[in-house]
4 protein chains.
Amino acid sequence: MARPSDVHAKIDLLRAAEQAFVEHGLEKARVEDITAKAGRSKGSFYLHFQSKEDAFRQIVEGFLARLAAMVEYPVDLDADFETIITSWHEKDLELFEFFWQNRAVAQLLLHGGSSAQFRYMVDEFAERARTNCRMLVELGQARGYYRQDLDLDVTSLAIAGAYDRVVRELVAQPKKPDLSRWLETVQDLLLRGLAANPERARRRPRS
Amino acid sequence: MARPSDVHAKIDLLRAAEQAFVEHGLEKARVEDITAKAGRSKGSFYLHFQSKEDAFRQIVEGFLARLAAMVEYPVDLDADFETIITSWHEKDLELFEFFWQNRAVAQLLLHGGSSAQFRYMVDEFAERARTNCRMLVELGQARGYYRQDLDLDVTSLAIAGAYDRVVRELVAQPKKPDLSRWLETVQDLLLRGLAANPERARRRPRS
Amino acid sequence: MARPSDVHAKIDLLRAAEQAFVEHGLEKARVEDITAKAGRSKGSFYLHFQSKEDAFRQIVEGFLARLAAMVEYPVDLDADFETIITSWHEKDLELFEFFWQNRAVAQLLLHGGSSAQFRYMVDEFAERARTNCRMLVELGQARGYYRQDLDLDVTSLAIAGAYDRVVRELVAQPKKPDLSRWLETVQDLLLRGLAANPERARRRPRS
Amino acid sequence: MARPSDVHAKIDLLRAAEQAFVEHGLEKARVEDITAKAGRSKGSFYLHFQSKEDAFRQIVEGFLARLAAMVEYPVDLDADFETIITSWHEKDLELFEFFWQNRAVAQLLLHGGSSAQFRYMVDEFAERARTNCRMLVELGQARGYYRQDLDLDVTSLAIAGAYDRVVRELVAQPKKPDLSRWLETVQDLLLRGLAANPERARRRPRS
DNA sequence: TATGAATGAGCGTTCATTCAT
DNA sequence: CATGAATGAACGCTCATTCAT
């Protein structure tokens, strides 16, 4: 069993690194800043990470992995559409909650202190999110809920972007906003935009 | 007289710097790479720029200035709404065209090799764009075209984000896409989402 | 624990810096030369000094501080003049000894590889030395040992200068000269020059 | 015949260089500063000087050459000593006048913005001045005017130093001091110090 | 294992000098 | 001859990484 202090060493360092990266970006953040913030020695950093970039990667990958797990839940294609949309809403709320909880790293990624060499990770994820989104739209079309004349590529992009930006603002808030209301506003806007029959697109207020 | 200053020098350097910054980000881009790419000596860089950061700033500021000139056109509040929307569409098309023409810098800014110290410039611009957007939505509400129940803050965010992301994709395309179609797709989605009376939101195809 | 800091490091570096500064002057001395001479890495220099100028300042300040401690000994104004003169002679001998021991830095300062920005430190010190000297002359006048017709400003200048130059030569000697004889020669010349009654000015040889 | 502007080009540059060197020292003074101050182009500098160091050398050499011409006047060894001393006084006054007129360069040399590589020129000159001085003292001894027990090396050093320092102060004065009085003060001090018979050493006031 | 002193590659910037005009 | 734009060697300093203790 490691000494109690060791248990938290890596966690302390990761947290400090997160802060440092958010504040200064990958390049400008100094390893010494990180270790000082974590109250550890400079050498200890290299007991846990191969390099500064490695620490960055671990932070990003950890975040994206947890994020991916939330986003790529299997859609039950046989369920009725109303159910799918409802579960979508629930999932998105969890997502917003997750972003809020991890707003430091989220800012890091969404604003891009990421430095060219890690951009691909965020881009890849953004692409996957958009693909997910696109599948949902296609499903909606197939079921006749959504308009047939949509350009799926551009539409999915716009939807993903709307989420993107709202989340980016979300994580920059000093106090936790009403996530549910934010989410509903976005979904309402987009669902109406997608709907074949506007009347049905209106989200029913939760009773 | 003295050797006349090479009029292409600064332009060459700016172009090379743009490339280097897009490829490696501000920190990792080396001045020597920039000058080599521009086929100039290292010293020549400092004939035109105070520092590497200065070159970066000039690129960003130049781009944002030209962009701002396009975005902040005065809206004729007395015009009828159809006219406003039409002119909005035209302006946006110019904007898309502008982004395509300047896709290198656009990528630089939208992805954010920008490094913490310049983020504020992009953020500030994004904020202005969103404010513009918000004003248009308010106007639509006042005229009765848009729903009254919209949360202006979040809605304007979502709209700005949709544009954001579409443009980000746009500038990453290897070949020039059909800007007009992309734009119409986005606007159609959003206008329908905003519309009080869905029938009227449908954009009429240009005759 | 960590590698204990090499206690000789800073001393080695200061010595090497002294040499380099004496040889090439502040500007031309290269940090890399200094560290090479000290058998250390370039980086180690910056563990001990903020900058090349800082190292220079530390050397000069250290020297001047020790020097000041020797020069500004309190004169017992109530003592009889013979005693004062004797103690003056003793102090000066210590001073000569000190300059000889520290001839490297002394040369640096007296010749002035000092670069404009540090000249003031030497000038300030020279001014203080001259003021000290002036006070002694005034005292001699008050006691009736020295002539009343002296222009104190110029006289003290000349006396300080005589010392200056002798010391400058002293520190340039390859072998330690007879400090005592040098000192006596100077003092004898000056005391005779100052004396109201030439007979009394003659220094008695130590028995 | 060169164009009128050319006639003054080198003179302008030398003057500007003097200023720049006095202000910043050889290393820190930039060629561009010099040419700007002279109202000339950077290239013109190299029409007149091989390098920055060359300009410095020309300034120093020019000054020292004119100085040497004043100092090394032939002493008429057959003249009676009173005459020699009187002519010495006259020469020294001219010297003081010369230093005052050329106080900019004088400061440059005496304070030593000279940088290691030119120190030898000043040192050499200082050595010659001291040798001159020594010869005069020897002469005085031979004629029985000066004490026989003087250590010529150290004494000449002290005398040269007294002049040195007084001149150094002289050239730093904002307003022209009474050169004659300064000179007499120094000479009086030194002559009394040297004199075998104090009574004869007293300088007679000019009638 | 933990520490932090030591290392040295790397890069931004300066500025004396050159040379095309 | 005069100009000043262009050049590139040189050097101070930083900081990620190593490693002796």
Side-chain angles (χ1 to χ4, degrees), chain A residues 2-3 5-6 9 26-36 40-55, chain B residues 1-7 9-10 13 27-36 38-55, chain C residues 1-7 9-10 13 27-36 38-55, chain D residues 2-3 5-6 9 26-36 40-55:
Chain A
R3 280 182 276 163
S5 73
D6 301 343
L26 170 55
E27 310 298 339
K28 282 281 179 71
R30 291 152 69 245
V31 171
E32 203 157 2
D33 292 343
I34 295 172
T35 52
R40 306 267 155 189
S41 73
K42 194 147 47 142
S44 77
F45 186 89
Y46 289 90
L47 295 176
H48 298 284
F49 309 105
Q50 299 274 342
S51 66
K52 191 169 68 158
E53 277 70 27
D54 180 45
Chain B
M1 304 309 157
R3 178 190 303 193
S5 71
D6 189 332
V7 287
K10 188 165 182 180
L13 285 168
E27 310 299 339
K28 280 283 176 73
R30 291 157 67 247
V31 170
E32 206 155 3
D33 289 344
I34 295 173
T35 53
R40 310 261 153 194
S41 71
K42 189 143 61 134
S44 76
F45 186 88
Y46 292 90
L47 291 176
H48 300 283
F49 309 106
Q50 301 271 345
S51 64
K52 192 169 68 159
E53 277 70 27
D54 180 46
Chain C
M1 303 311 155
R3 179 191 302 192
S5 69
D6 189 331
V7 286
K10 188 165 182 177
L13 286 168
E27 311 298 338
K28 279 285 177 69
R30 291 156 66 245
V31 171
E32 208 156 1
D33 289 344
I34 295 173
T35 52
R40 311 260 152 194
S41 72
K42 190 147 54 138
S44 75
F45 186 88
Y46 292 92
L47 290 177
H48 300 282
F49 310 106
Q50 300 272 345
S51 65
K52 192 169 67 158
E53 276 71 28
D54 180 45
Chain D
R3 279 182 277 165
S5 73
D6 301 343
L26 170 55
E27 311 299 338
K28 283 280 178 74
R30 291 152 68 246
V31 171
E32 202 156 3
D33 291 343
I34 295 172
T35 53
R40 307 264 155 191
S41 72
K42 195 151 40 147
S44 78
F45 186 89
Y46 290 90
L47 295 175
H48 299 284
F49 309 104
Q50 300 274 340
S51 65
K52 190 170 68 158
E53 277 70 28
D54 180 44

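Values below: every heavy atom of this structure, side chains too, minus hydrogens, waters and symmetry copies. Letters go in sequence order (proteins before strands), and every chain restarts at 1.
In this structure, OH on C/Y46 lies 10.0 Å from CG on C/D54, to the nearest 0.5 angstrom.
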Study note, to complete from the structure: Note, DNA chain E 5' to 3' with Watson-Crick or G-U pairs under 3.5 Å encoded as ( ), [ ], | and . gives .||||||||||||||||||||
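Comparing A/Q50 and D/L47 along DNA chain F, the residue whose closest nucleotide (by nearest heavy atom) sits nearer the 5' end is D/L47. Projected onto DNA chain E by closest heavy-atom contact, A/H48 and B/G43 fall at different nucleotides, the more 5' of which corresponds to A/H48.
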Check your understanding: Can B/D6 and B/R40 be said to form a side-chain contact (heavy atoms from CB on, under 4.5 Å), step by step?
Key -> CA-CA 11 Å; B/D6 189 332; B/R40 310 261 153 194; 3.1 Å; yes
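For the pair D/E27 CD and F/dC11 P, the computed distance is 11 Å after rounding to whole Å. For the pair B/E53 CD and E/dC11 C1', the interatomic distance rounds to 12 Å; values are reported in whole Å. Rounded to whole angstrom, the span from the CG atom of C/D54 across to the C1' atom of F/dG12 amounts to 14 Å. Whole-Å rounding puts the C/D6 CG to E/dT3 P distance at 22 Å. The NZ atom of B/K10 sits 13 Å away from the P atom of F/dA5 (whole-angstrom rounding). Nucleotide E/dA16 holds its C1' atom 7 Å from the NZ atom of D/K52, rounded to whole Å.
Of the candidates E/dG8, E/dG4, F/dA16, E/dG8 carries the atom nearest the C/S41 side chain, counting heavy atoms from C-beta on. Across F/dA2, E/dT7, F/dG12, the shortest atom-to-atom separation from the side chain of C/R40 is found for E/dT7. Picking from E/dT3, E/dT14, F/dT7 the nucleotide with the shortest atom distance to the side chain of B/Y46 gives E/dT14. Among the nucleotides E/dT7, F/dG8, E/dT17, the one closest to the side chain of D/S51 is E/dT17.
Side-chain contact check for A/L26 versus B/E27: every heavy-atom pair is 4.5 Å or farther apart. In this structure, the side chains of B/S44 and B/L13 come closer than 4.5 Å at one or more pairs of heavy atoms. Residues B/F49 and B/K10 have side chains in contact (heavy-atom distance under 4.5 Å, counting atoms from C-beta outward).
Between B/V31 and B/K52, the closest heavy-atom pair is CG2-CD, 3.8 Å. Considering every non-hydrogen atom in both D/E32 and D/T35, the closest pair reads O-OG1, 3.1 Å.
Between the side chain of A/K42 and the base of F/dT17 there is at least one donor-acceptor pair of N/O atoms closer than 3.5 Å.
Contact check of residues 28-36 of chain D against DNA chain F (heavy atom, cut-off under 4.0 Å) returns no residues at all.
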